[in-house]
Amino acid sequence: MSKFQWEIINESIKKVNEDITYADENMAWVLDGATGLTDKKLTSFESDARWFVNKWDKYLKDNLNDKCKTIRDIVLEGIVIIRDRFYKECGLNYIEEIKRPSASISIVRKNEDIIEYFMLGDCTLLIKDIDNNLAKIKDTSLEKFDNRAISEMLKVRDENNISWVEARKIINPILIENRLLKNTQDGYWILEFNEEAVNHCIEGKFLDKEIKNLALMSDGFAAIVDTYKHFNEAELIERLIDLGAENTYELIREIEEEDKDILKYPRLKKGDDSSIVFLNNYEC
């Protein structure tokens, strides 16, 4: 039976990287953490999001190989366990929604002759088959809320002739409004403490003999396609094959540095944590 072999990038330009990647011969995932919108850190880690993705990374390593359970069931059980650990870590019985950490997650797992996937949040999964057909799997429900915040930030910046950093602080109430829509019917679904979110995941499976390439990406890496539009998805896969993930990551940072004042590519920050696990030329 064939096994996965991955190329992995997990980089950040921030002091604390809130992405985590993992890959082995049977499974892989990307976790893209988001700290609660609060000035006070609640855990012993560098950030609460770092605590959150670290605990999920360990939990998945310990549990995802149980092929008798679906990925959905494993994640569902993990929500309860990690929620309890978080409250114990904080020494509190309740924490406001706005202060809780969360994460987008993308998982693939090999199960006999099947490759299963599970997605929650705005990570991206690209799957190229042996006939060179390419599928992009992503929940885009968060985009409209981000776009609203970006539009307001740019409006405030231009009207007041201030930097985008100053403008972003001014639009913080919009970011809070958006965050309060987390795991609601009118908002978006993400990995947090709400078990209902799992019912809104994206999941599916492929025969492993049909797969040629896989790429799991946090939005900081997928920005090369979604925000900067430097490539389409097929061109990105070809670049990853020809030049590798490290080279592509360096290109992302070059684009961001050239547009550090956020004049060409509207976005909420100069650059995000950037992660990918890439499977090149999978052969059964």
Side-chain angles (χ1 to χ4, degrees), residues 9-20 30-43 45-53 95-104 121-124 138 140-182 187-188 190 192 217-230 248-276:
I9 296 293
N10 179 17
E11 299 287 350
S12 179
I13 57 175
K14 301 184 303 182
K15 182 178 179 181
V16 180
N17 186 351
E18 295 175 338
D19 280 8
I20 279 188
V30 169
L31 284 155
D32 179 0
T35 291
L37 297 179
T38 176
D39 293 332
K40 183 179 179 181
K41 188 163 63 73
L42 299 173
T43 66
F45 276 57
E46 304 97 321
S47 76
D48 294 338
R50 184 66 188 174
W51 181 97
F52 189 68
V53 296
I95 298 168
E96 297 172 63
E97 182 77 28
I98 201 69
K99 297 179 180 179
R100 301 174 192 168
S102 58
S104 295
D122 64 352
C123 287
T124 298
K138 180 178 182 177
T140 60
S141 59
L142 183 57
E143 289 181 2
K144 63 181 179 182
F145 303 108
D146 282 347
N147 289 340
R148 174 192 170 216
I150 290 167
S151 295
E152 188 63 26
M153 182 187 75
L154 297 180
K155 178 182 177 183
V156 168
R157 181 193 67 182
D158 295 342
E159 288 180 350
N160 296 278
N161 194 27
I162 56 179
S163 70
W164 68 267
V165 176
E166 295 170 301
R168 193 180 189 281
K169 292 177 182 177
I170 293 172
I171 64 133
N172 196 55
I174 293 176
L175 300 178
I176 292 174
E177 286 179 21
N178 289 349
R179 190 66 66 89
L180 288 172
L181 292 170
K182 174 178 57 178
Y188 60 95
I190 201 164
E192 196 230 39
M217 299 177 284
S218 67
D219 61 348
F221 200 100
I224 190 75
V225 170
D226 296 334
T227 302
Y228 311 136
K229 303 189 186 305
H230 201 82
T248 305
Y249 167 76
E250 291 172 356
L251 174 61
I252 291 169
R253 295 309 188 202
E254 288 173 9
I255 292 169
E256 292 168 347
E257 182 59 30
E258 290 173 1
D259 188 43
K260 60 185 177 182
D261 294 323
I262 306 188
L263 298 173
K264 186 175 182 180
Y265 303 109
R267 57 198 191 278
L268 286 170
K269 59 186 78 171
K270 175 185 173 183
D272 204 354
D273 302 334
S274 186
S275 299
I276 183 172

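- The only option from Asp122, Asp32, Asp219 that meets the side chain to side chain donor-acceptor pair (under 3.5 Å) definition with Ser104 turns out to be Asp122.
- Each ring pair (Phe, Tyr, Trp, His ring centres under 6.0 Å) pair with one or both residues in residues 250-269, not counting sequence neighbours, appears once here: Tyr228-Tyr265.
- Scored by the side-chain hydrogen bond (donor to acceptor under 3.5 Å, both in side chains) test, Thr227 finds no partners at all (sequence neighbours excluded).
- Considering only residues two or more places apart in sequence or on other chains, Glu254 meets the side-chain hydrogen bond (donor to acceptor under 3.5 Å, both in side chains) condition with none of them.
- Looking at every heavy atom in both residues, Ser47 comes nearest to Glu18 through OG-OE2, 2.6 Å.
- Rounded to the nearest 0.5 Å, atoms CD1 (Ile20) and OG (Ser218) are 12.0 Å apart.
- Checked against side-chain hydrogen bond (donor to acceptor under 3.5 Å, both in side chains), Glu97 has the following partners two or more places apart in sequence or in another chain: Arg100.
- A side-chain donor-acceptor contact under 3.5 Å links Asn178 to the backbone of Phe145.
- Once rounded to the nearest 0.5 Å, the distance linking CD1 of Ile150 with CG of Asp146 reads 5.5 Å.
- Judged as a salt bridge (Lys or Arg N to Asp or Glu O under 4.0 Å), the pairs with a partner in residues 259-276 (not counting sequence neighbours) are, in order, Lys14-Asp273, Glu257-Lys260, Glu257-Lys270, Asp259-Arg267, Lys269-Asp272.
- Thr124 has its side chain within reach of Asp226: a pair of non-hydrogen atoms, C-beta onward, lies under 4.5 Å apart.
- Under the side chain to side chain contact (heavy atoms under 4.5 Å, CB included) criterion, Ser151 pairs with no residue at all, not counting sequence neighbours.
- Taking every heavy atom of both residues into account, Gly33 and Ala49 meet most closely at C-CB, 3.9 Å.
- Shown here are the side-chain hydrogen bond (donor to acceptor under 3.5 Å, both in side chains) partners of Ser102, two or more places apart in sequence or in another chain: there are none.
- Remark: Glu250 pairs with Glu246 by the side chain to side chain contact (heavy atoms under 4.5 Å, CB included) rule, at least two apart or across chains.
- There is no side-chain donor-acceptor pair under 3.5 Å between Asp48 and Thr35.
- By the side chain to side chain contact (heavy atoms under 4.5 Å, CB included) test, Glu166 is found to be paired with Ile162, Ser163, residues two or more places apart in sequence or in another chain being considered.
- Residues Asp19 and Val53 have side chains not in contact (no heavy-atom distance under 4.5 Å, counting atoms from C-beta outward).
- Under the 30°/60° scheme for interplanar angles, the aromatic rings of Phe45 and Trp51 are found to stand perpendicular.
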Only pairs under 3.5 Å count here: list side-chain donor-acceptor contacts from residues 167-177, not counting sequence neighbours, and write none if there are none.
residue	atom	partner	partner atom	Å
Arg168	NE	Leu268	O	2.8
Glu177	OE1	Arg148	NH1	3.3
Glu177	OE1	Arg148	NH2	3.0

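- Taking all atoms of both residues into account, the shortest heavy-atom contact from Tyr249 to Ser12 is OH-N, 4.1 Å.
- The two residues Cys123 and Lys138 have their closest heavy-atom pair at O-CG, 3.5 Å.
- At a threshold of 4.5 Å between non-hydrogen side-chain atoms, the residues Ser275 and Phe221 do not count as touching.
- In plain terms, the two heavy atoms of Ile252 and Gly220 that are nearest each other are CG2-O, 4.1 Å.
- Among residues two or more places apart in sequence or in another chain, the salt bridge (charged side-chain N to carboxylate O under 4.0 Å, His left out) test is passed with Lys99 by Glu96.
- The CZ atom of Phe52 lies 11.5 Å from the OG1 atom of Thr43; values are rounded to the nearest 0.5 Å.
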